[in-house]
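In listed order, ligands and their atoms are each counted from 1.
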Amino acid sequence: MAAATDREKPIRHALFARVYPRINAFAEAHGALEHRRELLGGTTGRIVEIGAGTGANFPHYPPKVERVIAVEPEPRLRELAKRASAGSPVPVEIRAGRAEALPVPDASADGVVASLVLCTIADVSAALGEAARVLRPGGLLYFYEHIRSTRPGLARRQRIINVVWPLLGGGCNLTRNPEPAITAAGFRIERARHFDFLINGRTTPSSPCVIGVARKAEIAAQENTA
Ligand SMILES: C[S@@+](CC[C@H](N)C(=O)[O-])C[C@H]1O[C@@H](n2cnc3c(N)ncnc32)[C@H](O)[C@@H]1O
């Protein structure tokens, strides 16, 4: 059997994998549940979810979704996602793998879902390139991410805290701005709602957020010459 390349190897974050279910439950109780519903309410057809974690999105896929392939590299989280998939309202298949090398054929998805994951993925442009590869022309990327603040004071605080944040948060970064990377990967952002996710009325380092949809370009040149 061929050896796994670095992009295919599992990612082990044993401590983070143990605490993330509690972090997520807290976030969902303070508004993240609504954010997940907003992100996923318009999804249809064949979906690929990257870095699915515990499977927290699964209950929110609407009936128009035919099936979800959920890719998760962390073994403990993947096991939790498997359990969550059993109660999902739509069929979900869990696969091991990284977003930078998706175990999914070309042009086989109508939508790719990235939630709270572009902050963590080591090579975001490779992951977005993979999202574009697995999407059919005109397919949609649904994203929900915490992002770098546009306010200088908070952005500075994020930079300082980010010295230790990735060590505690399973590789999560506070200082990323995924939208230029999404555009650079060949997507056109159709909708993006920027907001502060406040916890009990307070700003936290991960408050600045975006929920949006971006479309992969149609193959206009081929259609014109056909
Ligand atoms: C903060 S959790 C978010 C989980 C889930 N998407 C959610 O919305 O709750 C970040 C996730 O990204 C995963 N991850 C880290 N690096 C990854 C990579 N290179 N490819 C895919 N997933 C990755 C982690 O294992 C973890 O499940």
Side-chain angles (χ1 to χ4, degrees), residues 4-41 43 47-61 68-85 88 92 94-104 109 111-131 133-134 141-147 162 165-174 176 178 181 185 197 204-207 209-212:
T5 67
D6 281 352
R7 285 183 170 184
E8 291 161 345
K9 283 183 185 157
I11 292 175
R12 288 182 200 280
H13 281 298
L15 181 62
F16 176 74
R18 278 177 195 278
V19 296
Y20 186 63
R22 265 177 274 174
I23 296 172
N24 182 52
F26 179 82
E28 289 196 345
H30 289 81
L33 206 61
E34 282 308 315
H35 303 158
R36 293 187 190 283
R37 290 190 184 124
E38 177 180 342
L39 173 74
L40 301 170
T43 49
I47 298 292
V48 173
E49 186 176 331
I50 60 175
T54 60
N57 283 328
F58 301 165
H60 308 295
Y61 282 108
V68 177
I69 295 174
V71 178
E72 172 53 50
E74 210 291 327
R76 189 182 178 92
L77 292 173
R78 192 165 62 245
E79 197 46 49
L80 294 174
K82 270 192 191 140
R83 282 186 220 161
S85 70
S88 169
V92 178
I94 312 292
R95 294 190 184 170
R98 296 191 186 202
E100 296 94 328
L102 289 171
V104 179
V112 168
V113 168
S115 77
L116 305 172
V117 74
L118 296 177
C119 54
T120 299
I121 287 170
D123 187 341
V124 172
S125 64
L128 291 168
E130 278 291 273
R133 178 184 66 77
V134 304
L141 172 70
Y142 302 85
F143 55 97
Y144 163 34
E145 298 291 336
H146 64 80
I147 57 176
N162 204 55
W165 190 270
L167 301 173
L168 305 172
C172 171
N173 286 276
L174 293 168
R176 290 191 180 169
F197 179 9
T204 74
S206 57
S207 280
C209 282
V210 61
I211 295 178

Quick one: nearest non-hydrogen protein atom to [atom], plus distance?
atom	value
atom 25 (O) of ligand 1	Glu72 OE2, 2.6 Å
atom 15 (C) of ligand 1	Thr120 CG2, 3.4 Å
atom 14 (N) of ligand 1	Pro73 CG, 4.0 Å
atom 12 (O) of ligand 1	Val117 CG2, 3.2 Å
atom 4 (C) of ligand 1	Gly51 O, 3.5 Å
atom 16 (N) of ligand 1	Ile11 CD1, 3.4 Å

Closer than 4.0 Å to some heavy atom of [X] - which atoms of ligand 1 meet that?
X	value
Leu116	1 (C), 2 (S), 3 (C), 10 (C)
Glu74	25 (O)
Ala99	18 (C), 20 (N), 21 (C)
Ser115	3 (C), 5 (C), 6 (N), 7 (C), 8 (O)

Scan Val113, Val112, Val210 and name whichever one has a side-chain contact (heavy atoms from CB on, under 4.5 Å) with Phe143.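 Output: one option passes, namely Val210.
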
Nearest 0.5 angstrom please: [X] [atom1] to [Y] [atom2], how far?
X	Y	atom1	atom2	answer
Thr54	Arg76	OG1	CZ	12.0 Å
Cys172	Asn162	SG	CG	7.5 Å
Ile147	Leu118	CD1	CG	11.5 Å
Arg98	Glu72	CZ	CD	11.0 Å
Leu40	Ile211	CG	CD1	9.5 Å

Verify, without hydrogens or angle tests, whether Asp123 (side chain) and Ile121 (backbone) share a donor-acceptor contact under 3.5 angstrom.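 It does not hold such a pair.
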
Taking all atoms of both residues into account, what is the closest heavy-atom pair of Asn24 and Ala56, and its distance?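 Looking at all heavy atoms of both residues, the shortest contact is ND2-CB, 3.4 Å.
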
Tell me, please: is [X] in heavy-atom contact with ligand 1, that is, under 4.0 Å?
X	value
His13	no
Gly170	no
Tyr20	yes
Ala52	yes

Any N/O of [X] closer than 3.5 Å to an N/O of ligand 1?
X	result
Leu77	no
Asn24	no
Glu49	no
Ala56	no

For a 4.5 angstrom cut-off between non-hydrogen side-chain atoms, does Phe58 reach Glu49?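 They are in contact (side-chain heavy atoms under 4.5 Å apart), so the answer is yes.
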
Would you indicate whether the side-chain heavy atoms of Tyr20 and Leu116 approach each other to under 4.5 Å?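 They are in side-chain contact.
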
Report the part of Val71 in contact with ligand 1, treating N, CA, C, O as backbone and CB onward as side chain, heavy atoms under 4.0 Å; options are side chain, backbone, both, neither.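 For Val71, there is no contact with ligand 1 at all, from either part.
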
Region of Glu100 that comes within reach of ligand 1 [heavy atoms, distance under 4.0 Å]: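 Just the side chain.
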
For atom CZ of Arg12, is the number of surrounding heavy atoms from other residues, nucleotides or ligands below 6.0 Å larger than 12?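 For Arg12, atom CZ is not crowded (no more than 12 foreign heavy atoms under 6.0 Å).
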
Identified ring-ring contact (aromatic ring centres under 6.0 Å, His included) counterpart of Phe197 within the set His35, His30, His146: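 Result: among His35, His30, His146, His35 is the only option passing the ring-ring contact (aromatic ring centres under 6.0 Å, His included) with Phe197.
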
